[in-house]
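Here's the structure, in structure tokens; my notes come after.
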Number of protein chains: 2
Amino acid sequence: MPVTMNDVARVAGVSAMTVSNVLTGRRVVSDATRERVEAAAEQLGYALNLTARHLRAGRTNTIALVIPNLDHPYFGELAARFDRLLRSTGRHLVVEQTGSRREAELSALNVARLRLYDGVLLSVVGMRSEEIATLRSDMPVVILGEQDVSNRFDHVGMDNVGGARIATSHLLSRGSRRILILGGAPEGDDASGMSLARTNGWRQAHHDAGMTPEDDLIIPLEIPSAEHGHATILRLVRDGFAFDGVFTVTDTLATGVLAGLSESGRRVPEDVQVVGFDSLDGSRFTVPPLTTIDPGHEEMATEALRLLDRLIERDEGAPRERVKPPARLIRRGSTR
Amino acid sequence: MPVTMNDVARVAGVSAMTVSNVLTGRRVVSDATRERVEAAAEQLGYALNLTARHLRAGRTNTIALVIPNLDHPYFGELAARFDRLLRSTGRHLVVEQTGSRREAELSALNVARLRLYDGVLLSVVGMRSEEIATLRSDMPVVILGEQDVSNRFDHVGMDNVGGARIATSHLLSRGSRRILILGGAPEGDDASGMSLARTNGWRQAHHDAGMTPEDDLIIPLEIPSAEHGHATILRLVRDGFAFDGVFTVTDTLATGVLAGLSESGRRVPEDVQVVGFDSLDGSRFTVPPLTTIDPGHEEMATEALRLLDRLIERDEGAPRERVKPPARLIRRGSTR
DNA sequence: CTGTTAGCGCGTTCAT
DNA sequence: ATGAACGCGCTAACAG
């Protein structure tokens, strides 16, 4: 059996209450008693039972981050960022992986309702907007990501349209004329909101320049993975498809594209310029280094926590907010 | 106030115990009562309080993975792997990041002792072997990584020497003669155990081939990051240092090296061959794709959980084990 | 098949 | 400065 406060109290010849006071420092204890208690605790190898404290306190000082996968650098970096911020306020981050499965996303929310977490940062992928709107919101929840969310939730997103527009304008200004959007959404496709928005930005950039992009430049993908990027770009090159620029909807995708272009002898940026989206850490060291869009990671993280804390403090009066930091271009060697 | 079992019991006209039985299915309940209880729970929006259940049960069905950082792909992939395995047995994974700080590593172990987790998978970096040996082991703990750990703990490591040897032999067999070991440990350096072991493997491979490698080929690094790999290789090339092969002690390092070689006009694998270590997902799509060493990730994960479960089941009699799966070479385009 | 009692370990409240 | 009592919400153990 584990050692409890009562055990320590007995050995120290005091009440459990006094032990608690020594440990938490919430009340003043005489030096003599303090020392006896500390000695007893040490001697018995006492360890606080956090589960009991949480039950008693009704809160756990733990925030859950619900994401699709940890083995995708995008989410790994996200988790690290939140961890840093929470740690600095003495709280814990717990990561739940959903594998993008609807049920897992729901169940993670549910676990939160089960009082294990004080709040949830939810990065939804498997659920559609309509479905999200039906979620119970009796827990502090902030939605992260590109979804168009019902106004029953706070939401921190990114400027997908603006970012894609900047990326594409950059390619145009550097002389690309046939710019693929890899992972884009053709008209009428039931692609993700992210894909749709970034395709719109790509289109807008062309309009800004007085151009109308050809629809065949929109290359949809099941999943924006490096594999798919790689395979797709190889196929296009082999088919003799004409293009001199690629805007990939994610950096991961760009990785595969750079690999594919290199294999097929296309030089970057001389023959083809490439721009990604996400500004992953690793994109600084691709060959060549990847020009990309920083959607404002740091601001998104701080804002998400601000909104979540507001809910945790039961500041119910405040209306739900939607935050969307400005995106900015990071210029590197994959463009001229 | 949240709804409790008692509230549900009152509305359904039964005892809390019966509500519990309906919810857990641990005892048979008549259909009539079951339905009343379910209706009441639904009506009140009841949600189980897991904190209370955990206190009562004395276990949480949660395993903690303690790692330095989530934004390093190596650890992201590790976390994803454990998450998959644990989820398949109905348990949860929680990730604690330590930033490689000694105190954080200790504190994570401590949180575990505080009954929040049933067991801990500890990836130590900030502590030295001697220090690990002094840790209390009154919790189910399995140590992961390259450390030489006291025999008071189960340990799952990798074959650093063997892997480095295979990597280097491969370079030698493909014609490299001056093979840098980037992130290596010079004689007498107080480098990490990982670094030392991989340097030994590099040396052994040379001896296997009847050669003795020059000591100036051992390039130590503070941190095996892409940045350092990049900067260091640029410097070496600029200084006119002679080499025609690089064994980087991690894949991340190799990323920086490939970028640096490309910038300075050295062709891979024609002028310089490169081999990494870790077999990260992303290494399939570097330019060129990276030849690397798979230390047996999958086996390491399953073994670690087997050992941990043994401890959780209080199978105290069993002696501590140390597992070290065989490493194998993954050949790709960065070598000939 | 259902209820009563009791306690997991802690900390708030009220008393001394 | 210290202690007693009580309850956070759940569930084993023991009735009946």
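Chain A is the first sequence line, chain B the second, and so forth, proteins listed ahead of strands; every chain is numbered from 1.
Using a 4.5 Å heavy-atom threshold, the side chains of A/Ile63 and A/Leu121 count as touching.
For the pair A/Leu23 CG and C/dT12 P, the computed distance is 13 Å after rounding to whole Å. What separates CG of B/Asn49 from P of D/dG9 is a distance of 7 Å, to the nearest Å. Remark: C1' of C/dT5 and CG of B/Asn6 are 13 Å apart, rounded to the nearest angstrom. Atom P of nucleotide D/dG9 and atom CG of A/Leu116 are separated by 14 Å, given to the nearest angstrom. Distance A/Asp7 CG to C/dC10 C1': 13 Å, rounded to the nearest Å. A straight line from CE of A/Met5 to P of C/dT12 spans 10 Å, rounded to a whole angstrom. In this structure, B/Asn21 atom CG and C/dC1 atom P are separated by 12 Å, rounded to whole Å. The CG-P distance, from B/Leu48 to D/dC8, rounds to 16 Å in whole Å.
The backbone N or O of A/Ala12 lies less than 3.5 Å from a partner atom in the side chain of A/Arg36, making a donor-acceptor pair. For the pair A/Asp83 (side chain) and A/Ala79 (backbone), a donor-acceptor distance under 3.5 Å is absent. Side-chain atoms of B/Asp118 come within 3.5 Å of backbone atoms of B/Asn61 as a donor-acceptor pair (strictly under, hydrogens ignored). Here the side chain of A/Glu77 pairs no donor or acceptor atom with the backbone of B/Asp71 at under 3.5 angstrom.
Shown for residues 30-41 of chain A: residues whose heavy atoms fall under 4.0 angstrom of DNA chain D, namely A/Ser30, A/Thr33. Remark: B/Leu55, B/Arg56 in residues 52-63 of chain B come within less than 4.0 Å of DNA chain C through at least one heavy atom.
The closest side-chain donor-acceptor pair between B/Glu96 and B/Tyr117 falls under 3.5 angstrom. There is no side-chain donor-acceptor pair under 3.5 Å between B/Thr250 and B/Asp278.
Within 4.0 Å (heavy atoms only), A/Arg26 reaches sugar-phosphate atoms of the nucleic acid but no base atom. Using a 4.0 Å heavy-atom criterion, one finds that A/Met17 contacts the bases of the nucleic acid, with or without backbone contacts as well.
Put simply, the side chain of A/Arg27 and the base of C/dG11 share no donor and acceptor less than 3.5 Å apart.
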* To do: Start with the C-alpha distance between B/Ile67 and B/Val95, add both sets of side-chain angles, then the distance that settles side-chain contact (heavy atoms from CB on, under 4.5 Å), and finish with yes or no.
  => CA-CA 7 Å; B/Ile67 55 174; B/Val95 178; 3.7 Å; yes
* To do: May I have the step-by-step check of side-chain contact (heavy atoms from CB on, under 4.5 Å) for A/Thr18 and A/Thr33, ending in yes or no?
  => CA-CA 8 Å; A/Thr18 301; A/Thr33 347; 4.2 Å; yes
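The side chain of B/Tyr46 approaches D/dC10 more closely than any other nucleotide in the set D/dC10, C/dG9, C/dG3.
Atom CG of A/Leu50 is separated from atom NE2 of B/His54 by 13.5 Å, given to the nearest 0.5 angstrom.
Close to D/dT11, at under 4.0 Å from its OP1 or OP2, lies a side-chain N or O of B/Ser20. Taking 4.0 angstrom as the limit, A/Ser15 places a side-chain polar atom (N or O) nearer than this to OP1 or OP2 of D/dG3.
Comparing the helix axis at one end of the helix from C/dC1-D/dG16 to C/dT16-D/dA1 with that at the other, each defined from 5 consecutive pairs, gives an inter-axis angle of 40° (nearest 10°).
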